[in-house]
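Notes follow the structure.
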Amino acid sequence: MVEEFIYRQPVKIWFGAGELRKLPDVLSELGITRCVLVCDRFLAGRAEQLKAELPEIRAVFSDVEANPQLSGVEDVVTLLRETESDGVIGLGGGSTLDTAKFAAAIAKAPGEAIEYFRGKRAFPAAGLPIVTVPTTAGTGSEVTQVSVVSHGREKKTINQPVFMPKAAIVDPTLTLSVPPRTTMNTGLDALAHALEGYWSRNHQPISDLLAIEAVRLVLENLEAAFQDGNNLEARTNMSLAALLGGLSFALPKTAGSHACSYPLSEDYHLPHGEACAFTLDSFVRINADARLELLCQRTGMRKTDYLADKIQYFKELAGLRTRLSDLGEVDLDKLCRDCAAHPLMQNNPVVMDEDRLRRMFEALR
Ligand code: NAD
């Protein structure tokens, strides 16, 4: 029997090859007349080109770093205040979108970004409207109210309604230039979102359907996108998978493999997608009883073991790290302690205490 649930998805999504050309319409629909475009260095040229074409773009901030730092948020806030902007565009991967979302949220409010990061100030109910334009197919940040930002080595996932974008333009052609390894990392991030949204303790029927379709799309298209970056069909399906993956975890939130990804990124410097993928196949086996048989039937996998093996195959194909020995010197006690203590671990359908995590990691020696 279906239990009570509330489903909400407030982002207007413009999807399709070439949809970036609709940016002026999207800005006008949102009443944005002066804005800052946020990106990283790779997209600086494209951003300047857009600025030359669109009078609404008053400034470009192109210094976002991977695993974005709070200092980047502060710089964008300063620029937004200086230009008296009434909107923000984030053009890039998850690092860029998360920076833009955080800055848009607080630009009109008093105080500094660090006060919000530390929880010393409450986030405002409304910020500047933000348009997200993802250029990787992975994080789903274009449709979530999540921003992941670091201050020094302290990486925080902040979940606030004010971070929710007003519009997302998902144009798969923007992902054609993503290099193979990043394609695999980000594609496995999308897969992790869908699987974790599905097996989350807070899963619900609409999110489940989105998750199943996202998993199917990843399983059928990730290898093709990895092998040939110019394969627009595979890229389009991966952009859709990432979008559906984002929608599928937005309400239920993620679980075990994401909980483990934080210590793996912070202490062993794995990029986000690779860090999630490191334990994802282990969690497929551990969480097998969390209705995974049904998901496997609907995604052509037949058995949960096949799904786990496929994830391992993807990782090996791209030369991602799969064993503890690939991480250098590992402090296993600390790793298990930190993974067990992460709040997202509470969301895992199987209780994972330090002992159980140790057994999982021992099997990865
Ligand atoms: P990223 O944004 O850090 O980008 C990775 C690399 O890919 C960068 O070097 C970037 O320049 C490059 N790149 C981006 N687009 C490109 C393109 N079209 N062509 C060539 N290169 C391109 O990576 P990501 O995986 O998209 O984002 C990771 C970040 O997102 C992490 O900080 C993670 O914690 C966060 N995240 C956020 C959410 C959320 O809901 N907010 C969800 C998952 C992950």
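Residue numbers count from 1 along this sequence. Atoms within a ligand are numbered from 1 in the order they appear, just like the ligands themselves.
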Between ligand 1 and Phe249, can you find any atom pair, the residue atom being a heavy atom, that is separated by under 4.0 Å? yes

Would you check the N or O atoms of Thr136, main chain and side chain alike, for any that come under 3.5 Å of an N or O of ligand 1? yes

Please determine if Thr135 has a nitrogen or oxygen closer than 3.5 Å to a nitrogen or oxygen of ligand 1. yes

Considering both backbone and side-chain atoms of Thr175, is one of its nitrogen or oxygen atoms within less than 3.5 Å of a nitrogen or oxygen in ligand 1? no

Yes or no, since that's all I need: does a protein heavy atom fall within a distance strictly under 4.0 Å of atom 9 (O) of ligand 1? no

Decide whether an N or O pair under 3.5 Å exists between Ser95 and ligand 1. yes

4.0 Å heavy-atom contact, His193 with ligand 1: yes

Which of the atoms of ligand 1 are close to Val178, meaning less than 4.0 Å from one of its heavy atoms? 16 (C), 17 (C), 18 (N), 19 (N), 20 (C)

Side chain, backbone, both or neither: which part of Pro68 has a heavy atom under 4.0 Å from ligand 1? side chain

Would you check the N or O atoms of Thr186, main chain and side chain alike, for any that come under 3.5 Å of an N or O of ligand 1? no

Run the numbers for me: atoms of ligand 1, each under 4.0 Å from some heavy atom of Thr144, listed by number. 39 (C), 40 (O), 41 (N)

Atoms of ligand 1 less than 4.0 Å from Ala66 heavy atoms? 3 (O)

Phe117/Phe123 aromatic ring centres below 6.0 Å: no

On the ring face of Phe278, is Arg321 found with NZ or CZ under 6.0 Å from the centre and within 45° of the axis? no

Ring centre gap for His258 and His193 strictly below 6.0 Å: yes

Is ligand 1 under 4.0 Å from a heavy atom in the side chain of Val146, in the backbone, in both, or in neither? both

Side chain, backbone, both or neither: Asp189 near ligand 1, heavy atoms under 4.0 Å: side chain

Do Gly94 and ligand 1 have an N or O pair less than 3.5 Å apart? yes

Can you report which non-hydrogen protein atom sits closest to atom 5 (C) of ligand 1, along with the distance? Thr182 CG2, 4.3 Å

When rounded to the nearest 0.5 angstrom, what distance separates CG in Asn348 from CD1 in Ile286? 7.5 Å

Per-atom contacts of ligand 1 with Gly93, taking only distances under 4.0 Å to non-hydrogen atoms: 2 (O), 26 (O)

Asp98 contact mode with ligand 1 (heavy-atom cut-off under 4.0 Å): side chain

